[in-house]
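One structure is given below, encoded as structure tokens.
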Amino acid sequence: MSIVFRQETRSSSFLDPFDGFREKRREVQIREDPLTGAVSRVFAYRRRPPQQSETADEDQPPVCAFCKENIETMTSKFPPALIPEGRLRRGEAVVFPNIFPYDTHNAVVVITEQHEVGITEWSAQKLVDALAVSREYIETVVRAEGGRWIYSINWNYTPIAGASQIHPHLQIVLSRQPTLEQGRLIESGRKYMETNAGNYWEDLIRAEEEADVRYGGRTGDIPWLVSFAPRGFVPDVIAILPNDTDFTACRHEEIEQLALGLVKLFNYYGSRRVTGANLTLYSQSPGEEYFWTHARVVPRLRISPLNISDVNYFKIMHDEGITLFTPERLCEELKPFFQKD
Ligand SMILES: [Zn+2]
């Protein structure tokens, strides 16, 4: 018998606000399915499964740790060796460690002082500050630790997309090992360049520009493409940062263009009564010429009647997307939002 139960433990430290800001370590088990290599992250320190709730607001805590009056006392701090001030700030955005870390370096970025922000209420400036301070955090870790880091900036926007808090926040994950999807993207990009002597994302932009059926628009240098093979009920949208092999090396104007495009995309979602989405920006440091930094946004839905979840057996058991209408149709609707100022 040659079945191997492969498991690795990664440890993360932070100053705990619920224990006088004493340093705490928490571990996450990274387990691989013995047959397929599919990865699970297991919080072994949790003793019970979370409670099921009947309504969305039943489990909301009475106070929000991310609101301005609580953030100093109720959120964690980085160990001084990494960030002497404890937290990073820019505008209204604040970065601190996740007390339920998914990996060695996992930070939370509270985007704004506003507790709840509707999908059409975003100002680009708030997103610029959150993305810019995210970049500063990633630079800080890379500088302190050296070597190669695979990282992502992630957003569960509203509880429908998996957020455990109403208050809008990003999560940054840095790891020595890519996640399954990051590994697929990096490896496929490398193979594409070997085979085609070109960068996949550069060729994709050109191909979609020529076909002009999934090219939603452009904010400055950044194209917004509707995914050819989507993964959610509603086709997802990809924003590519041309030539940026590493997000930490991108220009500030590109962060502004990314934020502006997100506001336009969110305005489109608002017009379709979508209230939440998942976003991930994939990158690595140092960058490689075969990989360009890009973000993917997947809207999340519940469908009436029965409040149907948009994750069914095809996604959770087969890891394949089910999409309810074509990317080309979504693109027709999206284009006018990118033509407005
Ligand atoms: Zn709040």
Side-chain angles (χ1 to χ4, degrees), residues 12 14-21 24 26 43 46 50-78 83 85-102 105-137 152-173 255 259 262-263 265-267 269-270 273-281 297-302:
S12 180
F14 57 91
L15 309 187
D16 187 353
F18 304 108
D19 189 15
F21 288 100
K24 285 272 170 66
R26 271 208 173 132
F43 295 161
R46 285 199 136 158
Q51 253 184 337
Q52 295 283 328
S53 62
E54 294 296 324
T55 59
D57 55 10
E58 189 178 286
D59 285 344
Q60 275 304 304
V63 290
C64 172
F66 296 174
C67 271
K68 195 181 174 187
E69 61 274 23
N70 301 322
I71 203 160
E72 283 292 332
T73 53
M74 292 181 70
T75 65
S76 56
K77 293 184 190 178
F78 293 104
I83 292 168
E85 312 90 304
R87 304 181 186 95
L88 292 176
R89 291 172 182 274
R90 184 182 172 115
E92 294 182 16
V94 186
V95 189
F96 48 86
N98 188 359
I99 58 171
F100 300 110
Y102 294 116
H105 291 287
N106 180 192
V108 174
V109 185
V110 169
I111 301 173
T112 166
E113 290 173 353
Q114 198 176 326
H115 178 69
E116 188 168 3
V117 185
I119 204 154
T120 57
E121 290 173 11
W122 284 100
S123 78
Q125 190 55 49
K126 286 182 177 182
L127 298 172
V128 168
D129 287 337
L131 290 166
V133 80
S134 298
R135 180 173 65 169
E136 188 184 340
Y137 168 71
S152 58
I153 301 173
N154 307 275
W155 193 358
N156 296 327
Y157 175 41
T158 77
I160 201 170
S164 60
Q165 303 278 338
I166 295 276
H167 203 125
H169 59 287
L170 308 174
Q171 284 203 31
I172 304 169
V173 182
I255 290 183
L262 272 177
V263 170
L265 180 60
F266 284 177
N267 282 335
Y269 288 159
R273 294 167 63 198
V274 169
T275 59
N278 290 111
L279 175 150
T280 290
L281 180 137
V297 187
V298 180
R300 299 295 304 274
L301 308 175
R302 282 189 194 282

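Whatever order the structure lists ligands and atoms in, that order sets their numbers, starting from 1. The chain is numbered in sequence order, starting from 1.
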Under 2.8 Å from the Zn ion (ligand 1), the protein N, O or S atoms, given as residue and atom:
Cys64 SG, Cys67 SG, His115 ND1, His167 ND1
Once rounded to the nearest 0.5 Å, what's the spacing between atom [atom1] of [X] and atom [atom2] of [Y]?
{"X": "Tyr157", "Y": "Leu279", "atom1": "OH", "atom2": "CG", "answer": "12.0 Å"}
{"X": "Asn278", "Y": "Arg300", "atom1": "CG", "atom2": "CZ", "answer": "5.0 Å"}
{"X": "Asn98", "Y": "Arg26", "atom1": "CG", "atom2": "CZ", "answer": "9.5 Å"}

Quick one: side chain to side chain donor-acceptor pair (under 3.5 Å) partners of Glu116, sequence neighbours excluded?
none
Can you sort out the partners of Phe18 under ring pair (Phe, Tyr, Trp, His ring centres under 6.0 Å), two or more places apart, ordered by chain and number?
none
In chain order, what residues pass the ring pair (Phe, Tyr, Trp, His ring centres under 6.0 Å) check against Tyr137, with sequence neighbours excluded?
Phe78
